[in-house]
Amino acid sequence: MGATTPNIDLHRLPHHVAIIMDGNGRWAQRRGITRVEGHKRGKDSVRAVVETSRRLGIKYLSLFAFSTENWQRPRREVEALMGLLRRYLRTELRKMMKNEIRLLAIGDLTRLPPALQADLQSTIDATKNNPGMTVVLAVSYGGREDMVQAARKLACDARSGRIDPEKIDARVLDGYFSTAGIPDPDLLIRTSGEMRISNFFLWQLAYSEIYVTETLWPDFREIEFMDALAVFQQRERRFGRILEHQEAEQLRAAR
Ligand code: IPE
Ligand code: IPE
Ligand code: MG
């Protein structure tokens with residue numbers, strides 16, 4: 001293990017961390033440079049969190065790279081983002097293979113430029129048997145759109161008799177989302193201070209711990225990531241229950 005890991009208990013890491021990588025534009029604006037320059041710097045933060053996750057042993061990392069709504073941005077910015085993503089895939093493939101990282105992509109990929117679709121597919125194919133960690137790239141992704149496609153597939157399966165509507169429960173429905181087979185995120189990180197989900201995972205975040213930091217995405221590197229993990233480890237996850245010692249107290253009082 002390279003760097004130190006202060007305040008982190010390596011035995012209690014989240015299995016799945018999801019990140020809304022926000023604030024590239026503001027980072028650039030503050031420096032009087034173009035928004036695209038902010039996105040370029042954001043790429044280095046992606047590299048940092050992927051490497052840190054892998055080194056620590058986090059099994060799933062989901063990165064919200066481009067939302068359904070982001071298609072409404074000026075064409076030049078959209079094109080620049082697509083170009084950056086393509087370059088990222090090309091430069092990182094060797095490292096993904098070396099570090100045994102598997103790449104998955106979720107979202108409406110049919111809207112992406114064909115060259116990017118091809119690069120994504122070839123990276124997914126090349127890395128599909130890598131056992132070290134899974135990076136889920138959410139691109140052209142929207143939580144509602146994911147729900148809609150899940151509902152549509154489920155309805156088709158019901159119509160064709162592949163599934164009995166009476167047998168649909170949360171587990172069955174979960175299998176129709178683009179994240180089927182991936183555990184729900186334990187931790188959601190959002191950079192740049194915004195207190196919203198912005199149509200990221202809606203179904204999957206039911207019991208995720210939420211960590212929002214003012215740090216802008218291009219400034220979010222290993223130390224900031226470690227801080228988020230340390231805060232996560234201080235959280236008390238109750239999942240609607242009461243804690244063991246409270247339960248014991250109640251039992252004592254009832255006697
Ligand atoms: C996040 O940074 C990157 C994407 C949404 C693609 P932004 O571009 O949203 O940066 P701000 O929020 O305008 O600062
Ligand atoms: C969320 O950021 C989407 C991504 C980080 C990819 P946005 O910048 O698009 O979200 P809003 O517009 O502030 O809600
Ligand atoms: Mg933003």
Side-chain angles (χ1 to χ4, degrees), residues 16-50 53 60-89 91-92 103-113 115-117 119-120 135-149 177-179 182 185 187-205 208-221 224-225 228:
H16 182 177
V17 178
I19 309 183
I20 301 176
M21 310 184 289
D22 195 18
N24 296 349
R26 276 162 284 174
W27 184 91
Q29 234 157 17
R30 283 178 200 173
R31 285 164 179 76
I33 54 180
T34 65
R35 295 177 56 86
V36 172
E37 288 299 321
H39 296 315
K40 277 190 192 152
R41 283 296 289 262
K43 216 157 50 119
D44 298 333
S45 298
V46 172
R47 215 168 274 139
V49 295
V50 170
S53 300
Y60 294 90
L61 178 67
S62 292
L63 301 171
F64 199 10
F66 193 86
S67 73
T68 303
E69 290 72 23
N70 290 151
W71 286 114
Q72 295 164 54
R73 292 190 181 192
R75 210 183 76 194
R76 273 182 52 190
E77 184 173 342
V78 170
E79 280 173 2
L81 280 163
M82 297 298 147
L84 281 173
L85 193 52
R86 203 163 162 225
R87 228 166 305 152
Y88 175 80
L89 294 172
T91 57
E92 295 304 291
L103 185 82
L104 296 179
I106 56 171
D108 184 358
L109 307 181
T110 64
R111 292 182 76 179
L112 302 178
L116 176 57
Q117 287 185 43
D119 281 354
L120 256 180
V135 172
V136 182
L137 209 55
V139 44
S140 186
Y141 181 86
R144 286 194 164 171
E145 288 69 22
D146 201 2
M147 285 187 170
V148 167
Q149 69 74 30
F177 279 82
S178 62
T179 47
I182 297 170
L187 171 63
L188 171 74
I189 297 173
R190 181 166 187 151
T191 57
S192 90
E194 241 61 81
M195 296 285 186
R196 54 178 173 258
I197 306 270
S198 299
N199 199 21
F200 193 25
F201 292 153
L202 298 177
W203 166 260
Q204 298 87 341
L205 292 174
S208 309
E209 293 296 325
I210 299 175
Y211 175 87
V212 176
T213 172
E214 290 295 326
T215 304
L216 303 174
W217 180 248
D219 290 328
F220 191 88
R221 300 291 165 93
E224 290 74 19
F225 189 39

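As the structure lists them, so they are numbered: ligands from 1, and atoms in each ligand from 1.
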ask   = Are the side chain of Gln117 and the backbone N or O of Leu109 linked by a donor-acceptor pair below 3.5 Å?
value = yes
message = Distance under 4.0 Å to a non-hydrogen atom of Ile20: what atoms of ligand 2 satisfy this?
response = 1 (C), 5 (C)
query = Counting from 1, what ligand 1 atoms have a heavy atom of Arg26 closer than 4.0 Å?
reply = 11 (P), 12 (O), 14 (O)
query = Should the ring pair Trp203 and Phe177 be called parallel, tilted or perpendicular, given that the plane angle runs from 0 to 90° and is split at 30 and 60?
reply = parallel
ask   = Between Thr179 and Gln204, do the side chains contain an N or O donor and an N or O acceptor separated by less than 3.5 Å?
value = yes
task = Would you check whether Ser198 has a nitrogen or oxygen atom less than 3.5 angstrom from a nitrogen or oxygen atom of ligand 2?
result = yes
Heteroatom proximity flag, Phe66 to ligand 1, N/O under 3.5 Å = no
query = At under 4.0 Å between heavy atoms, which part of Ala65 makes contact with ligand 1: side chain, backbone, both or neither?
reply = backbone
task = List in chain and number order the residues that pass side chain to side chain donor-acceptor pair (under 3.5 Å) with Arg41, two or more places apart in sequence or in another chain; answer none if no residue qualifies.
result = none
note = Checking heavy-atom distances from atom 4 (C) of ligand 2 to each of Tyr141, Trp217, Phe64, Phe200, the winner is Phe64
request  = For the Mg ion (ligand 3), find the closest N/O/S atom on Asp22 and give its atom name.
outcome  = OD1
inquiry  = Please determine whether any non-hydrogen atom of Arg73 lies less than 4.0 Å from an atom of ligand 1.
reply    = yes
inquiry  = Less than 4.0 Å is my threshold; does some heavy atom of Ser192 fall inside it relative to ligand 1?
reply    = no
query = Which is it for Gln29 and ligand 1 at heavy atoms under 4.0 Å: side chain, backbone, both or neither?
reply = neither
Residue and atom name of the nearest protein heavy atom (relative to atom 10 (O) of ligand 1), distance in Å to one decimal = Gly25 N, 2.9 Å
inquiry  = Starting from atom 9 (O) of ligand 2, what is the nearest protein heavy atom, named by residue and atom, and what distance separates them?
reply    = Asn70 ND2, 2.9 Å
request  = Check the side chains of Trp71 and Ser140 for a donor-acceptor pair under 3.5 angstrom, ignoring hydrogens and angles.
outcome  = yes
For Asp22, the ligand 2 atoms whose distance to one of its heavy atoms is below 4.0 Å = 2 (O), 8 (O)
ask   = When only distance counts, is Gly23 in polar contact with ligand 1, meaning an N/O pair under 3.5 Å?
value = yes
ask   = How does Arg30 reach ligand 1, by side chain, by backbone, by both or by neither, if only non-hydrogen atoms under 4.0 Å count?
value = neither
query = Between Arg196 and ligand 2, does any nitrogen or oxygen pair lie at a separation below 3.5 Å?
reply = yes
message = Looking at Trp27, I'd like to know if the NZ or CZ of Arg31 sits under 6.0 Å from its six-membered ring centre while staying within 45 degrees of the ring's axis.
response = yes
Nearest neighbour in protein (non-hydrogen) for atom 1 (C) of ligand 1 = Met21 O, 3.0 Å
request  = Please step through side-chain contact (heavy atoms from CB on, under 4.5 Å) for the pair Ile20 and Trp217, ending with a clear verdict.
outcome  = CA-CA 9 Å; Ile20 301 176; Trp217 180 248; over 6 Å; no
inquiry  = For His39, state whether at least one heavy atom is located under 4.0 Å from any atom of ligand 1.
reply    = yes
inquiry  = Going by the rule side chain to side chain donor-acceptor pair (under 3.5 Å), which residues pair with Gln149 if we only count those two or more places apart in sequence or in a different chain?
reply    = Asp146
ask   = Just distances here: any N/O of Trp27 and N/O of ligand 1 closer than 3.5 Å?
value = no
ask   = Is the shortest side-chain N to carboxylate O distance from Asp44 to Lys40 below 4.0 Å?
value = no
ask   = Just by distance, with hydrogens left out, do Glu145 and Asn199 show a side-chain donor and acceptor under 3.5 Å apart?
value = yes
ask   = With side chains defined as the heavy atoms from C-beta onward, is the minimum distance between Pro185 and Phe201 less than 4.5 Å?
value = yes
query = Do Arg144 and Thr68 have side-chain N/O donor and acceptor atoms under 3.5 Å apart?
reply = no
